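Below: the structure, in structure tokens.
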Amino acid sequence: MGRSEITIDLGALRRNAARLVDAAGTAELWAVVKADAYGHGAGECARAALQAGAQALCVATAAEGAAVRRGNPGVRILVLSPLAEGEEAVAREAGLEVAVSSPKLPEGLPVHAKVDTGMGRFGMSEEQAASLDPERVVGVMSHLATADEAGQSFAGAQLERFAAVAARFPNAVKHLANSAATLSLPEARFDAVRCGVGLYGLSPFGDDPREHGLEPVLAWRSYVAQAKVLQPGESTGYGRRFVAERETRIGLVPVGYGDGFRRGLTGTEVLVGEARRRVVGTISMDSFAVELENESEGAVVTLLGEGLGAEEHARHLGTINYELTTGIVSDPRRAQRRVVDG
């Protein structure tokens, strides 16, 4: 497998897409494939999502949209972020639709009016949206700030504000829900839902994705490249953050924060063979150490997969699951990437 192997299961992605299509009810599923499909590979994932019932694709930049367009002629592709200087021409050539956050609309492009209903991020005010010519707008959108949290009073207020704006555009497609809202807020689904994290089998709520009928699409494995024994008082890694109190076997795994296995993951668990083992010492750029029992050199080390989810590592880091997957380095000089259809 080389230093490590990243496996993408398109069968799991199709099943996740089907689950989200079912949850969306009468709304269309729009697959969010920005940031290289959250680190999963935009080309393959976009095609698999469309095969499973998604009816549009969402990206962050015009360049991302142009790249996805090459393998998906005729599909609606929406650029979610504002266009940078010079990107209007790219969007026109690729036949993209664009989200706009101000009343100044680009010429010759289908636009979705992005309204800030409480996210406090990109988007125009409700008053600015009301000033637009409905004939120039093909879509109206906003984004929920708290759909993944318990208690939905703020999300409910955003929903009401959005519905009031959207009513001014009877012929435009209305879309508000992310993965969390698609699964938990039926009233937020409108005409289309924009799903990213759930598509990849990551829980939008930070818990076990299986509780929501989702399957992780990405697995990440390496191996024990060297095993050694630390005597009491000996250490491993920079800063001597782990000092053996007793005779301790450790395995050195040739993956580190340069590969996306974050430096803060000291103390998390990985699988060595089928056994959970603790990561010890400071994680280096190209390696980390893990406690061993009777496992030998060459044993498979699972960083993600086999029931070990990105959610678990994210809780350890105090972050979110898809920050981890977007940070995994799939450069063939550091990892082998394998696509399967299970």
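Just so we're clear, the structure is a prediction, and the values are computed from it rather than from any experiment.
- A donor-acceptor pair under 3.5 Å is absent between the side-chain atoms of R194 and the main chain of M141, judged by distance alone.
- Using modelled atom types, one finds a donor on one side chain and an acceptor on the other under 3.5 Å when comparing S142 with T117.
- A distance-only check finds a donor-acceptor pair linking the side chain of T266 to the backbone of G281 [under 3.5 Å].
- Residue E247 places its CD atom among 12 or fewer non-hydrogen atoms of other residues, nucleotides or ligands, all under 6.0 Å distant.
- Remark: W220 CH2 to E5 CD distance equals 13.0 Å, nearest 0.5 Å.
- Under the 4.0 Å criterion applied to side-chain N and carboxylate O atoms, E88 and R92 are assigned as salt-bridge partners.
- Using modelled atom types, one side-chain atom of D341 and one backbone atom of G11 make a donor-acceptor pair closer than 3.5 Å.
- Between the side chain of N16 and the main chain of L214, no donor-acceptor pair closer than 3.5 Å is present.
- Under the salt bridge (charged side-chain N to carboxylate O under 4.0 Å, His left out) rule, E293 has a single partner from R249, R277, R278, which is R277.
- Although no hydrogens or angles enter the test, the distance criterion places no donor-acceptor pair under 3.5 Å between the side chain of T302 and the main chain of G305.
- Put simply, the side chain of R210 never gets that close to the backbone of G213: no donor and acceptor are under 3.5 Å apart.
- Aromatic rings of H175 and F190 (six-membered ring for Trp) have centroids beyond the 6.0 Å cut-off, not under it.
- Contact check on E64 versus K34 returns no salt bridge, with no Lys/Arg side-chain nitrogen under 4.0 Å from an Asp/Glu carboxylate oxygen.
- Aromatic pair Y257/F288: ring centres not closer than 6.0 Å.
- A donor-acceptor pair under 3.5 Å is absent between the side-chain atoms of D259 and the main chain of V255, judged by distance alone.
- For CD of E187, the number of neighbouring non-hydrogen atoms (other residues, nucleotides, ligands) closer than 6.0 Å is greater than 12.
- R19 and H212 share no donor-acceptor pair across their side chains, judged by distance under 3.5 Å alone.
- In this structure, E160 contributes its side chain and A157 its backbone to no donor-acceptor pair below 3.5 Å.
- Of the possible polar contacts, none joining the E312 side chain to the G309 backbone as a donor-acceptor pair under 3.5 Å is found.
- Think of L252 as one node in a network of Ile, Leu, Val, Met, Phe, Trp and Tyr side chains linked at under 4.5 Å; its network also takes in L230, F242, I250, V280.
- When atom types are taken as modelled, the side chain of H313 and the backbone of A310 share no donor-acceptor pair closer than 3.5 angstrom.
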